[in-house]
Amino acid sequence: MAAADEEQQLLHLKLAFLAREPPSCVLSLARKAGGGSVTPPVQNFILANCTGNNAWGDQKCTYVTTILKRIIAEAELSSDIVIDGLYEEFGQFMSSKSHLQNNSSLNRTEKIYREISFLSPTDDNKLVSLVARLSCSTNMLEGDTGCSLWPSSLFLSEFILSYPKIFSKKCCFELGSGVGLVGVCLNYVGASKVILTDGDVSTLENMKANMEMNKLCVEKEGSQLLKENKNKVQCKYLSWEEASESVLSDCMPDLVLGADIIYDPVCVPHLIRVLSMLLRRGNNRGTNNVANKEEISNEFSSTATEAPVAYIATVIRNVETFNCFEKAAADANFSVVNITNSEAPSSLLPYMLSYDRSSVQLLKITLST
Ligand SMILES: C[S@@+](CC[C@H](N)C(=O)[O-])C[C@H]1O[C@@H](n2cnc3c(N)ncnc32)[C@H](O)[C@@H]1O
């Protein structure tokens with residue numbers, strides 16, 4: 001194997017581990033890096049760059065133990081030498097694991113720390129351009145599903161990083177933001193304002209903590225100090241059922257985003273109503289009063305006359321639900337264009353074997369005039 005290929009495969013292995021990819025995916029990358037089996041050099045790499053890195057403390061214990069166990073078993077089976085360090089590390093994790101299992105708090109849903117590393121679109125996938133640090137739940141249903149990371153937000157993030165000019169200097173407003181990954185990407189590409197929202201209180205708390213973990217200030221109402229801080233986001237409670245014109249009165253976004261928010265037919269009419277208010281508000285921007293006009297023309301100087309656009313990434317799990325969305329969108333006079341292929345994002349997460357990009361559709365929505 002060429003040295004450059006080997007280097008890239010080892011990088012993918014490390015990034016998959018940091019992203020907490022399922023153990024079977026990490027193992028598959030380890031095998032690939034070893035040219036078919038988990039060779040001693042690959043085992044050494046894992047020890048030095050993955051499991052031996054103790055930055056996460058007890059949190060990664062179960063995950064690391066599983067990976068070490070599978071790698072040892074696989075190497076033994078393929079009659080590769082198992083390096084001593086791997087056995088020692090496994091022994092250590094087993095003893096700390098049994099200590100943790102005595103702790104009753106482990107029985108509750110666990111939060112895991114994930115590092116999602118986006119590879120640079122311009123350097124042949126060899127350099128990491130952005131790392132988002134996220135606390136996610138092991139329970140997909142926690143926080144009304146908002147404490148887990150869903151494939152649509154990976155796709156939407158790849159789209160943002162692939163087409164940064166669409167988002168740079170724009171006021172971006174996300175619905176159902178969950179763990180907040182899209183917000184980290186929007187800030188990275190220089191959005192002028194990032195407003196993340198969710199209708200679940202525990203999801204919102206987790207999202208705020210995630211923004212702080214990524215050194216983004218969570219803006220508090222009227223805080224002068226934060227007005228000057230470029231790296232800031234707003235995290236707001238917004239339930240689609242409760243949202244009214246007055247609740248959205250501060251928001252005149254250039255762009256509205258959403259990932260994996262079309263999945264419950266009961267919510268669809270409310271989602272359409274909120275989208276309609278946001279897209280219409282932007283259309284009316286600047287007509288309310290003079291002070292407003294000045295503020296807006298300063299902040300959105302290059303875009304003040306453009307109509308707002310919504311980008312919604314979605315996995316169609318249930319065709320009927322999606323049809324229901326399309327019908328409600330047509331009734332609301334939306335133009336919905338599927339841009340999954342015509343504006344396909346670069347693949348920036350090639351090491352994430354569990355992420356099925358082909359399952360995600362990207363919709364561009366505007367209000368027909
Ligand atoms: C499947 S998760 C997607 C989270 C995130 N966008 C992602 O892709 O990783 C759906 C999100 O929408 C939020 N949500 C669902 N119904 C909602 C409603 N009626 N009002 C506001 N937020 C809602 C949930 O709280 C959750 O965070």
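For the numbers below, each heavy atom of this structure counts, side chains included, while hydrogens, waters and symmetry mates do not.
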Between [atom1] of [X] and [atom2] of [Y], what distance do you get to the nearest 0.5 Å?
{"X": "Thr51", "Y": "Gln92", "atom1": "OG1", "atom2": "CD", "value": "10.0 Å"}
{"X": "Ile72", "Y": "Ile67", "atom1": "CD1", "atom2": "CD1", "value": "12.0 Å"}
{"X": "Gln234", "Y": "Lys193", "atom1": "CD", "atom2": "NZ", "value": "5.0 Å"}
{"X": "Ser117", "Y": "Leu127", "atom1": "OG", "atom2": "CG", "value": "12.0 Å"}
{"X": "Ile160", "Y": "Leu130", "atom1": "CD1", "atom2": "CG", "value": "10.5 Å"}
{"X": "Phe45", "Y": "Thr39", "atom1": "CZ", "atom2": "OG1", "value": "11.5 Å"}

Please determine, by modelled atom types, if [X] and [Y] share a side-chain donor-acceptor pair under 3.5 angstrom.
{"X": "Ser246", "Y": "Ser244", "answer": "yes"}
{"X": "Glu174", "Y": "Ser177", "answer": "yes"}
{"X": "Glu89", "Y": "Tyr87", "answer": "no"}
{"X": "Ser358", "Y": "Asp356", "answer": "yes"}

Same apolar cluster: [X] and [Y], side chain cutoff 4.5 Å:
{"X": "Ile339", "Y": "Leu161", "value": "yes"}
{"X": "Tyr355", "Y": "Met140", "value": "no"}
{"X": "Val131", "Y": "Leu149", "value": "yes"}
{"X": "Ile46", "Y": "Met94", "value": "yes"}
{"X": "Val189", "Y": "Leu349", "value": "yes"}

Next on the checklist: Using every non-hydrogen atom in the two residues, find where Gln43 and Ile83 come nearest and quote the distance to one decimal.
Outcome noted: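 Shortest heavy-atom separation between Gln43 and Ile83 comes out as OE1-N, 2.9 Å.
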Please tell me if the side chains of [X] and [Y] come closer than 4.5 Å, counting only heavy atoms from C-beta onward.
{"X": "Ile116", "Y": "Leu134", "answer": "yes"}
{"X": "Asn323", "Y": "Glu326", "answer": "yes"}
{"X": "Val256", "Y": "Val309", "answer": "no"}
{"X": "Leu119", "Y": "His12", "answer": "yes"}
{"X": "Lys232", "Y": "Leu216", "answer": "no"}
{"X": "Val182", "Y": "Tyr311", "answer": "no"}
{"X": "Arg273", "Y": "Trp240", "answer": "no"}
{"X": "Ser276", "Y": "Phe334", "answer": "yes"}

Are [X] and [Y] within salt-bridge range, i.e. N to O under 4.0 Å?
{"X": "Glu245", "Y": "Arg280", "value": "yes"}
{"X": "Glu158", "Y": "Arg357", "value": "yes"}
{"X": "Lys32", "Y": "Asp5", "value": "no"}

Checklist entry - Quick one: are the ring centres of Phe118 and Tyr188 less than 6.0 Å apart? => result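 Between Tyr188 and Phe118, which both carry aromatic rings, the centre distance is not below 6.0 Å.
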Item to check | Parallel, tilted or perpendicular: rings of Phe167 and Phe159 (30°, 60°) | outcome: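 Because their plane-to-plane angle is over 60°, the rings of Phe159 and Phe167 count as perpendicular.
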Checklist entry - Yes or no on side chain to side chain contact (heavy atoms under 4.5 Å, CB included) for Asn206 and Ser135, after CA distance, side-chain angles and deciding distance? => result CA-CA 7 Å; Asn206 187 53; Ser135 163; 3.4 Å; yes
Next on the checklist: What verdict does the side chain to side chain contact (heavy atoms under 4.5 Å, CB included) test give for Thr340 and Phe155, after you've listed the backbone C-alpha separation in whole Å, the side-chain angles of each residue and the deciding distance to 0.1 Å?
Outcome noted: CA-CA 10 Å; Thr340 319; Phe155 196 86; 4.1 Å; yes
Item to check | Evaluation steps, side chain to side chain contact (heavy atoms under 4.5 Å, CB included), between Cys136 and Ser148 | outcome: CA-CA 5 Å; Cys136 303; Ser148 294; 5.7 Å; no
Item to check | Partner of Gln361 under side chain to side chain donor-acceptor pair (under 3.5 Å), chosen from Asn341, Asn338, Thr314 | outcome: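 Exactly one option meets the side chain to side chain donor-acceptor pair (under 3.5 Å) with Gln361, and it is Asn338.
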Next on the checklist: Is there a side chain to side chain contact (heavy atoms under 4.5 Å, CB included) between Ile312 and Ile262? Walk through the geometry before answering.
Outcome noted: CA-CA 9 Å; Ile312 308 288; Ile262 308 170; 3.8 Å; yes
Checklist entry - Any cation-pi pair here, Arg317 with Tyr263, using under 6.0 Å and within 45°? => result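 No, a cation-pi geometry is absent between Arg317 and Tyr263.
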Item to check | From CA spacing to verdict: side chain to side chain donor-acceptor pair (under 3.5 Å), Ser202, Asp200 | outcome: CA-CA 6 Å; Ser202 60; Asp200 180 82; 2.8 Å; yes
